Amino acid sequence: MNISRYKQLLIEMEGRLWTRKARDVKSGREQLIDTAADAGDASVADEAESEDFTEAELDATILQQVQDALQRIENGTYGQCLIDGGPISPKRLDAVPWTPYCIRHQKLLEAASGPTPTL
Ligand SMILES: [Zn+2]
């Protein structure tokens, strides 16, 4: 397994998520100001605003997983399932390099708690 390639992918992903997070928070604030200035249809503005924050929250979840994955690279445990320590298939790591679980446990967790956010 080419760890340095995954590390590169994860570092790029981390940077992209940071940029997006900063932008989302900013646009959320701007909408808040717009709402205050224009006392028109407040409910529409509220909806748009909450959508922004939901997206930001989703990004924050993935950002946390990306950072955890980078930590596992440092620890030398990258590519091992958090639950059983078994190998995560390279195909799966190519698709979702920050995943902490093998496909079997990911499916078990999704079945238990509903779908988890992916990009
Ligand atoms: Zn597993």
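Just so you know, ligand 1 is whichever comes first in the structure, and atom 1 is the first atom listed for that ligand. What you see is a predicted model, and the numbers here were worked out from it, not measured in a lab. Along the sequence shown, the residues carry numbers beginning at 1.
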| Q80 versus R72, side-chain donor and acceptor atoms under 3.5 Å | no
| Between E12 and K7, is the closest basic N to carboxylate O distance under 4.0 Å? | no
| said: Check R5 with D94, please: is the shortest side-chain N to carboxylate O separation under 4.0 Å? | reply: yes
| remark: Here the N/O/S atom of D84 closest to the Zn ion (ligand 1) would be OD1
| task | Could you please compute the angle at the Zn ion (ligand 1) from SG of C102 to SG of C81, rounded to 10°? | result | 120°
| task | Please check if any side-chain donor atom of N2 sits under 3.5 Å from a side-chain acceptor atom of S4, or the reverse. | result | yes
| field | Residue H105 atom name (nearest to the Zn ion (ligand 1); N/O/S) | value | ND1
